[in-house]
Amino acid sequence: MSKEIGITVKKAEDFSEWYNQVVLKAELADYASAKGFMVLRPYGYQIWEIIQSVLDCEFKKLGHRNAYFPALIPESILKREAEHFKGFVPEVFWVTEAGDNRLGERLAVRPTSETIAYSSYSKWIRSWRDLPLLLNFWNSVMRAEIKSTKPFLRTSEFLWQEGHTAHATKEEADEETMKILNLYKWFIEEYLAIPVLAGCKTEREKFVGALYTTTLEAIMPDGKALQMGTSHNLGQNFSKVFEIKYLGQDKQEHYVWQTSWGVSWRLIGAVIMVHGDDKGLILPPKIAPIQVVVIPIFYKDKPNEKLASKAKEITTTLQQNGIRAFCDDREEYTPGWKFNDWELKGVPLRLEIGPRDLEKHTVTFALRDTGKRVEVDESSAAERAKALLEELQKRLKARAESMLKELSSTADSYDEFKRILSTKGGFIKAGWCGDQACEASIKEDTGADIRVVPFEGDPSIQRCVYCGKEAKITAYFARAY
RNA sequence: GGGGUCGUCGGCUAGUCUGGUCUAGGCUACAUGGCUUGGGCCCAUGUGAUCGUGGGUUCAAAUCCCACCGACCCCA
């Protein structure tokens, strides 16, 4: 086996290097020429398109429409909500010139679109009949990452979607916040096959400018947590600043209640880390650009033409059955080379068809996750492929669930807390008194912070893991990406 | 925020310590032809490198010095 083409390190031995190699060698992404930026290559983009199409469809089912706002935001607008501005300004890129002319007012490259969107919302919303306003934007945002960039996880520009809604009441905004969080949870668990913890962020960790932030957190194999998506209830913080008011049925003027929410291409990073193995990527079938790769196995002095047309025919049949299938009939590569290549790229199911199969009217499936081979009757290929893909999807999810379980602990004392962190890491369930000083000290001390406060507390946890006072809150701590 | 490692054909690298046949070597990839094909076949020929960028030292710089740019890793 040629070392240079495949992954040269073991996932368990050098996780960081393994991750970088998978990203580059599976041709998902490449480094760009500007610091901190990343090129999303066609194969990676295809995954993003699938994520995008599923979520887009669900957003629309819930009544959202897409819109597009400019990438540049005048400083005066970005500044309007003081807390928000303070939170983002360290990582804002600024445009100061247009051609040879210095701009009168500098323009921020959007780090997120609340401000630019809401300066329009204030013009569009007049009456209770204009509500709710349910919009979503598919775009990219830029946040200057000075240090430690990592493909998909930490880059200065990233693709995402950001939803921005306006409602008449707090209750409606609460409901919207949760509706989207649940949609994200469903998508991440069912499509990406990654289990997540759901709950709220603490005051310290919430989105700057939000009333509260709900979040989904997953655990990675190295014991670090990854934020998968957030959904914020913005309250009336922005509506008051941007004067987004409506005349209610009560003939009174009211400020709207708002939400914003988003997931990014970071999800792809999570898929790589959670499911991949020493051979490379393993894509959950539901988001795999190629679900089944068909590989005809040619021999000298054998009916290769018939084999080639049979392979094409089977590929077409699979496609007609709603399977994303691709026939790799390149003659310049040997089957073994192709096997390795498609395994590196994470294609969940391989269909081999050679002279032996041709004679017996069978095809041979090989499963990416277990490596097992299954010989099936040619006529049932599509049906069996569907079943195998479904099972594979379930196995990936089950495996990720047991990893989450393995990397979840409960700490009764601060010593135990630190001991867990220094060994396996992962989520640590512990009590918290609710004092920000304790939260900050733990972060300072250990590098771990509160990733999520679950919606349901654990009544058996009674003491703050740091100060020992009464635990008002059950929290999940972890080091994070 | 703090510390560290590194930058040479598309990829991996030899050469750098000790400046000089380096006119920069190898593997891989790529191209062409042939041969093969159920786990990264084999043979031949060929393409491909402003040695990250800029400056300095020197008769002479991939090699020594300075600055910058970029990548990666670890710690908080």
Side-chain angles (χ1 to χ4, degrees), chain A residues 1-9 13-27 29-39 41 90-91 144-156 222-224 277-280 293-308 310-311 328-345 347 350-360 362-368 370-376 418 421-422 425 439-449 477-481:
Chain A
M1 178 160 155
S2 175
K3 292 260 183 226
E4 288 76 17
I5 313 172
I7 307 298
T8 58
V9 294
E13 284 167 12
D14 190 348
F15 186 66
S16 219
E17 172 65 14
W18 172 88
Y19 177 82
N20 291 331
Q21 286 197 16
V22 173
V23 168
L24 296 174
K25 293 184 175 180
E27 298 180 349
D30 202 355
Y31 295 109
S33 32
K35 184 187 176 78
F37 288 81
M38 170 190 116
V39 178
R41 300 185 63 176
E91 45 196 23
E145 288 291 346
I146 315 295
K147 269 202 76 148
S148 70
T149 61
K150 205 155 190 66
F152 291 110
L153 304 182
R154 199 170 284 275
T155 47
S156 286
D222 61 348
K224 285 163 86 174
D277 67 9
D278 290 343
K279 287 178 166 180
V293 62
V294 176
I295 299 181
I297 293 153
F298 302 119
Y299 276 91
K300 204 187 163 194
D301 304 327
K302 290 276 163 76
N304 284 342
E305 267 177 42
K306 199 177 165 204
L307 195 55
K310 181 58 88 180
D328 185 358
D329 55 5
R330 290 176 295 178
E331 287 178 36
E332 64 270 32
Y333 293 108
T334 60
W337 194 94
K338 292 178 190 173
F339 295 170
N340 283 292
D341 190 42
W342 292 113
E343 280 168 3
L344 173 59
K345 291 194 166 74
V347 173
R350 177 173 76 237
L351 188 156
E352 301 169 19
I353 176 159
R356 293 206 297 266
D357 299 290
L358 208 56
E359 257 176 50
K360 290 190 282 181
T362 59
V363 298
T364 305
F365 283 113
L367 305 166
R368 174 63 181 88
T370 61
K372 283 191 182 130
R373 278 185 155 91
V374 197
E375 196 178 290
V376 312
K418 285 193 279 195
L421 266 182
S422 65
E439 188 186 10
S441 299
I442 293 170
K443 168 93 177 169
E444 174 75 18
D445 216 21
T446 66
D449 57 13
F477 292 82
R479 291 207 180 102
Y481 272 97

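Below, chains carry the letters A, B, ... as their sequence lines are ordered, and counting in each starts from 1. Predicted model, so just to flag it, every value in this text is computed and none were measured. Just so it is clear, the values below take in all heavy atoms, side chains as well, and ignore hydrogens, waters and symmetry mates.
Residues T8(A) and W18(A) have side chains not in contact (no heavy-atom distance under 4.5 Å, counting atoms from C-beta outward). The closest side-chain heavy-atom distance from F339(A) to I295(A) is below 4.5 Å.
The side-chain contact (heavy atoms from CB on, under 4.5 Å) test applied to A440(A) returns R204(A), not counting sequence neighbours. R373(A) meets the side-chain hydrogen bond (donor to acceptor under 3.5 Å, both in side chains) test with E352(A); sequence neighbours excluded.
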Could you list all N or O pairs between the protein and nucleotides 72-76 of chain B that sit under 3.5 Å apart?
unit_1: C72(B); atom_1: OP1; unit_2: Y31(A); atom_2: OH; d: 2.9
unit_1: C72(B); atom_1: OP2; unit_2: T149(A); atom_2: OG1; d: 3.4
unit_1: C72(B); atom_1: O3'; unit_2: N20(A); atom_2: ND2; d: 3.2
unit_1: C73(B); atom_1: OP1; unit_2: S16(A); atom_2: OG; d: 2.5
unit_1: C73(B); atom_1: OP1; unit_2: N20(A); atom_2: ND2; d: 3.2
unit_1: C73(B); atom_1: OP1; unit_2: K150(A); atom_2: NZ; d: 2.6
unit_1: A76(B); atom_1: O3'; unit_2: E444(A); atom_2: O; d: 2.2

Listed pairs, N/O of protein and of nucleotides 5-9 of chain B, under 3.5 Å:
none

Could you pull out the protein-nucleic contacts involving nucleotides 41-48 of chain B (nitrogen or oxygen on both sides, under 3.5 Å)?
unit_1: C41(B); atom_1: OP2; unit_2: T334(A); atom_2: OG1; d: 2.6

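Judged purely by atom type and a 3.5 angstrom limit, W342(A) has no side-chain atom pairing as donor or acceptor with the backbone of W337(A). Panel note: side chain Y31(A), backbone P151(A); no donor-acceptor pair is recorded below 3.5 Å.
The environment of NZ in K360(A) is crowded: more than 12 heavy-atom neighbours from other residues, nucleotides or ligands sit within 6.0 Å.
The distance between atom CD of E331(A) and atom P of G38(B), rounded to the nearest whole Å, is 14 Å. The distance between atom NZ of K25(A) and atom C1' of G10(B), rounded to the nearest whole Å, is 13 Å. Protein atom CZ of F298(A) is 17 Å distant from nucleotide atom P of C35(B), rounded to whole Å. When the C1' atom of G38(B) is taken as reference, atom CD of E343(A) falls 13 Å away, rounded to whole Å. In this structure, CG of L24(A) is placed 13 Å from C1' of G10(B), rounded to the nearest angstrom. Taking atom NZ of residue K279(A) and atom C1' of nucleotide G40(B), one finds them 11 Å apart after rounding to whole Å. Rounding to whole angstrom units, CD of residue E352(A) and P of G40(B) are separated by 12 Å. With rounding to whole Å, Q21(A) atom CD is found 18 Å from A71(B) atom P.
Listed nucleotides G70(B), U37(B), G39(B) differ in distance to N340(A); the shortest reach to its side chain belongs to G39(B). Among the nucleotides A71(B), U37(B), G39(B), the one closest to any side-chain atom of K35(A) is A71(B). Considering only the side chain of K300(A), C35(B) comes nearest among G38(B), C35(B), A71(B).
When the C1' atom is used for both U63(B) and G7(B), the distance is 14 Å, rounded to whole Å. G1(B) and C64(B): their C1' atoms are spaced 33 Å apart (whole Å). Nucleotides C12(B) and A71(B) are separated by 15 Å at their P atoms, to the nearest Å. Using P as the reference atom, A29(B) and U23(B) are 29 Å apart when rounded to the nearest Å. Separation of the P atoms belonging to U21(B) and G48(B) is 23 Å when rounded to the nearest angstrom. For U32(B) and C72(B), the P atoms lie 34 Å apart once the distance is rounded to whole Å. Spacing between A44(B) and G52(B) at atom C1', rounded to whole Å, works out to 36 Å. Comparing the C1' positions of G3(B) and A62(B) gives an interatomic distance of 28 Å, to the nearest angstrom.
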Legend entry - Pair assignment for RNA chain B - dot-bracket with | for other-strand partners, Watson-Crick or G-U under 3.5 Å: ((((((((.[[[[.)....(....]]]].(((((.......))))).....[[[[[..)....]]]]]))))))).
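Put simply, the side chain of R350(A) and the base of G38(B) share no donor and acceptor less than 3.5 Å apart.
Nearest heavy atom pair, residue K338(A) against residue D328(A), reads NZ-O, 3.0 Å. Considering every non-hydrogen atom in both R41(A) and L24(A), the closest pair reads NH1-O, 4.4 Å. For P296(A) against A311(A), the heavy-atom pair with the smallest separation is CB-CB, 3.9 Å.
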Inset, instruction - Show your reasoning for whether salt bridge (charged side-chain N to carboxylate O under 4.0 Å, His left out) applies to R368(A) and D277(A). - result: CA-CA 10 Å; R368(A) 174 63 181 88; D277(A) 67 9; 2.8 Å; yes
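Using a 4.0 Å heavy-atom cutoff across all strands shown, G36(A) reaches sugar-phosphate atoms only and no base atom. Within the 4.0 angstrom heavy-atom criterion, no nucleotide atom of any strand lies near R330(A).
Between the side chains of K150(A) and T155(A), no donor-acceptor pair of N or O atoms lies under 3.5 Å. Between the side chains of N340(A) and Y333(A), no donor-acceptor pair is found at a separation under 3.5 Å.
Under 4.0 Å is where a charged nitrogen must lie from a carboxylate oxygen, and between R479(A) and D449(A) no such pair does. Residues K345(A) and E27(A) are paired through a salt bridge, judged by an N-O separation under 4.0 Å between the basic side chain and the carboxylate.
A cation-pi contact, defined as under 6.0 Å to the ring centre and within 45° of the axis, is absent between R350(A) and F365(A).
Between I353(A) and A34(A), the one whose closest nucleotide on RNA chain B sits nearer the 5' end is I353(A).
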